[in-house]
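Scroll down for the structure; my scribbles are underneath it.
Not measured: the values here are computed from a predicted model. Every chain is numbered from 1, with letters handed out A, B, ... down the list of sequences.
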Number of protein chains: 2
Amino acid sequence: MVTLKQLAKELNVSISTVSKALNNSVEIGEETVKRVKELAELYNYKPNKVALSLKQNKTKTIGVIIPDILNHFLAKVLFGIEREATKYGYNIITCISNESLEKEKDGLQLLANGSVDGFILSVAQETQIKNEIEHFKRTISQGLPIVMFDRVAHDVLCDKVIVDDFDATYNATLGLIAEKRKHIAFISTIDSLSVGKLRARGYNKALIENGNYEPYVLSIKKKDDSQKKILSFLKKNPQIDGVISADSSSGIIALNTAIKLGRKVPKDISVIGYASKSDSYHTIPKLTTIRQHAKEIGASAAQMLINRLQNKTTQEDVKTIIVKTSVIKSKSTL
Amino acid sequence: MVTLKQLAKELNVSISTVSKALNNSVEIGEETVKRVKELAELYNYKPNKVALSLKQNKTKTIGVIIPDILNHFLAKVLFGIEREATKYGYNIITCISNESLEKEKDGLQLLANGSVDGFILSVAQETQIKNEIEHFKRTISQGLPIVMFDRVAHDVLCDKVIVDDFDATYNATLGLIAEKRKHIAFISTIDSLSVGKLRARGYNKALIENGNYEPYVLSIKKKDDSQKKILSFLKKNPQIDGVISADSSSGIIALNTAIKLGRKVPKDISVIGYASKSDSYHTIPKLTTIRQHAKEIGASAAQMLINRLQNKTTQEDVKTIIVKTSVIKSKSTL
DNA sequence: ATGAAAGCGCTAACAC
DNA sequence: GTGTTAGCGCTTTCAT
């Protein structure tokens with residue numbers, strides 16, 4: 001990489017003259033500016049980012065800590081973050097916590113040494129289970145702002161972007177009730193997550209408010225074979241005529257299993273799941289889905305962080321944005 | 001963030017003493033080392049990464065340019081890269097090219113200013129179509145090594161990690177031939193990619209070598225409704241008794257569609273696809289899949305780059321690693 | 001055993 | 001209009 005020093009030497013001027021010329025300072029003569037710019041162009045000069053960061057004490061880089069990059073929703077949020085950040089000239093350093101508290105702490109620690117200007121993160125499963133929040137507080141008190149999304153730690157004072165998880169399943173369940181479904185089941189692989197709990201509550205609330213509904217809840221663990229679990233669940237409860245799935249796969253499996261069992265969809269049974277657009281093609285008929293607008297969530301989170309970094313918000317004035325879900329009606333419901 | 005300067009002031013010693021003490025230099029007295037370390041601990045001192053980078057002229061950061069983070073295979077490779085890099089103390093800056101040549105160039109350009117020590121990337125679709133490689137060559141000649149994976153530019157001299165795409169579909173097709181399938185179809189949504197072409201060739205070669213096989217090829221464009229396309233394809237060619245899918249979704253859709261049409265799987269028709277483990281649960285019976293070992297690909301790529309950065313390889317000695325696919329036999333084949 | 005000083009690449013306040 | 005200098009945080013060589 002060519003430096004200001006080298007350009008200066010070759011042009012027989014001082015380093016600061018070159019610097020000023022390139023930054024269009026009015027102090028420098030027209031002729032000099034021209035000469036400098038031409039040589040810089042020739043050598044494809046680019047200011048050294050590291051030197052700038054050191055000088056200006058900011059890196060224009062955002063640390064993103066994500067529990068699981070293979071989760072389609074989280075990947076999509078990351079996509080949204082990246083796109084928005086790029087717009088504003090920010091880069092993204094990604095750490096994957098793998099749902100582990102330890103790795104989450106490490107990531108935070110490792111980047112809180114001048115590598116990034118702030119963080120966007122979604123809380124790891126283990127962190128939520130153990131309810132640890134000290135590491136977040138410490139990072140914030142070091143002067144590095146955090147924006148949390150989706151899985152947030154409510155007791156940490158920072159900007160947040162969340163999904164209306166409760167309303168989503170509540171409304172979806174009401175939808176099935178409106179279809180005159182009498183035996184509506186709830187299937188989830190994410191019991192232990194904050195958002196999983198909220199989704200379960202939404203379902204329960206809808207049933208209770210409409211009286212006379214028996215809950216049918218299937219909880220699937222990571223080690224389980226979800227196909228088998230769902231198959232025996234639907235066999236054991238043949239009266240089920242509606243399914244709400246809280247995660248990105250069990251809705252698809254439930255629909256395919258119902259078909260396998262000879263049920264007509266949506267005549268005999270309706271299914272609503274959390275699948276992405278592409279995954280909603282994995283069932284025939286296509287799955288009616290709850291969309292979380294992951295890209296928008298990512299974009300909002302990036303927006304909030306960048307705003308804060310540019311001091312457009314004051315220290316204490318934290319915000320929580322709630323992104324509404326939409327139900328995309330397809331052929332698996334009436 | 002606390003600095004050496006602040007520690008030095010508080011301890012009434014010089015900056016260099018503090019630095020040496022923290023780096024366990026033998027020059028410094030035992031007692032002083034102890035005092036320094038205690039204070040550093042107390043203030044949670046961490047050396048400023050940016051200053052180190054500037055001083056040492058390396059960032060311990062890898063730039064990763066990925067065409068599409070929502071592609072499960074690419075996301076998994078990224079996961080592998082991140083994990084391996086973290087092991088060696090490297091961070092990952094991610095750019096998403098979105099399959100666009102322009103964004104790929106920008107990403108390369110933007111990070112080639114001291115932000116990263118080298119790149120790992122998979123070539124964008126547009127770049128492959130236009131066959132542009134100048135930007136890669138320029139980056140390498142600037143002294144920043146590149147490791148390409150999966151979709152590579154063969155004319156660029158650099159380390160590469162590729163998949164045996166040709167063999168994968170060749171062998172998969174042979175497998176169906178061994179099952180006495182007579183009318184084997186090939187379905188792909190990735191015609192324009194280098195890897196898509198290789199996969200098509202593997203299929204064709206297997207058919208040709210075994211004589212008397214008519215090819216049935218369905219090519220799906222991005223704007224198409226793949227369910228409809230596949231449905232009409234299978235209806236129009238009811239003699240099809242085997243399907244090889246070249247991408248991550250059409251195998252699943254083909255299997256579900258065959259079931260829908262009343263075909264028995266695998267009795268009447270076998271299907272092999274490229275789905276991930278979790279997606280292979282989206283069909284009943286579960287899909288037999290070609291696994292690409294994405295995490296290993298990512299890990300290998302990271303290994304190669306880090307080796308090169310640590311000068312364990314000489315300038316001109318570039319390597320190409322071929323990662324073998326495996327067929328994970330499930331219930332959609334005999 | 002400790003400290004002073006140079007230098008990584010850059011900007012900017014301050015000479016001249 | 002151009003140059004000198006200091007300084008961002010750190011390591012390291014060279015005094016003392």
- Note: A/Glu84-A/Lys87 ion pair, threshold 4.0 Å (strictly below): yes
- Message: Strictly by salt bridge (Lys or Arg N to Asp or Glu O under 4.0 Å), give each pair with a member in residues 134-151 of chain A just once, sequence neighbours left out.
- Response: A/Glu99-A/Arg151
- Task: Check every strand shown and say whether B/Ser16 touches a base, only sugar-phosphate, or nothing at a heavy-atom separation below 4.0 Å.
- Result: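 B/Ser16: base contact, heavy atoms under 4.0 Å.
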- Message: Using a heavy-atom cut-off of 4.0 Å across all strands, would you classify B/Lys5 as base, sugar-phosphate, or nothing?
- Response: sugar-phosphate
- Heavy atoms of other groups near A/Lys60 NZ, more than 12 under 6.0 Å: yes
Is the backbone of [Y] close enough, under 3.5 Å, to the side chain of [X] for a donor and an acceptor to pair up by distance?
X        : Y        : answer
A/Arg35  : A/Leu11  : yes
B/Ser122 : B/Phe149 : yes
B/Lys49  : A/Ala112 : no

- Query: Residues from residues 29-37 of chain A sitting under 4.0 Å of DNA chain C, heavy atoms only?
  - Reply: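 Hits under 4.0 Å, by residue number: none.
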- When you measure from every atom of DNA chain C, which of residues 47-62 of chain A have a heavy atom less than 4.0 Å away?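 Listed by number, they are A/Pro47, A/Asn48, A/Ala51, A/Leu52, A/Lys55.
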- Message: Quick check for you: name the first and last nucleotides of DNA chain D, 5' to 3', having an atom under 4.0 Å from a heavy atom of chain A.
- Response: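 On DNA chain D, the outermost contacted nucleotides are D/dG1 to D/dG9.
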- Note on the structure: Checking B/Asn98, B/Val123, B/Ile96 against B/Glu104 for side-chain contact (heavy atoms from CB on, under 4.5 Å), the one that qualifies is B/Val123
Does [X] reach the side chain of [Y], with side-chain heavy atoms less than 4.5 Å apart?
X        : Y        : value
B/Val36  : B/Leu22  : yes
A/Ile140 : A/Cys158 : yes
A/Gln109 : B/Lys46  : yes

- Item | side chain to side chain contact (heavy atoms under 4.5 Å, CB included) evaluation trace for A/Ile129 with A/Gln125 | CA-CA 6 Å; A/Ile129 291 170; A/Gln125 184 159 12; 4.0 Å; yes
- Considering residues at least two apart in sequence or located in another chain, which fulfil the side-chain hydrogen bond (donor to acceptor under 3.5 Å, both in side chains) criterion with A/Thr17? A/Ser14
- Message: Quick one about A/Glu10 and A/Tyr43 (side-chain donor to acceptor, distance below 3.5 Å, no hydrogens or angles considered), yes or no?
- Response: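 Indeed, the side chains of A/Tyr43 and A/Glu10 share at least one donor-acceptor pair under 3.5 Å.
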- Message: With a strict under 4.0 Å distance from non-hydrogen atoms of chain B, what nucleotide opens and what nucleotide closes the contacted stretch of DNA chain C, reading 5' to 3'?
- Response: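 On DNA chain C, the outermost contacted nucleotides are C/dA1 to C/dG9.
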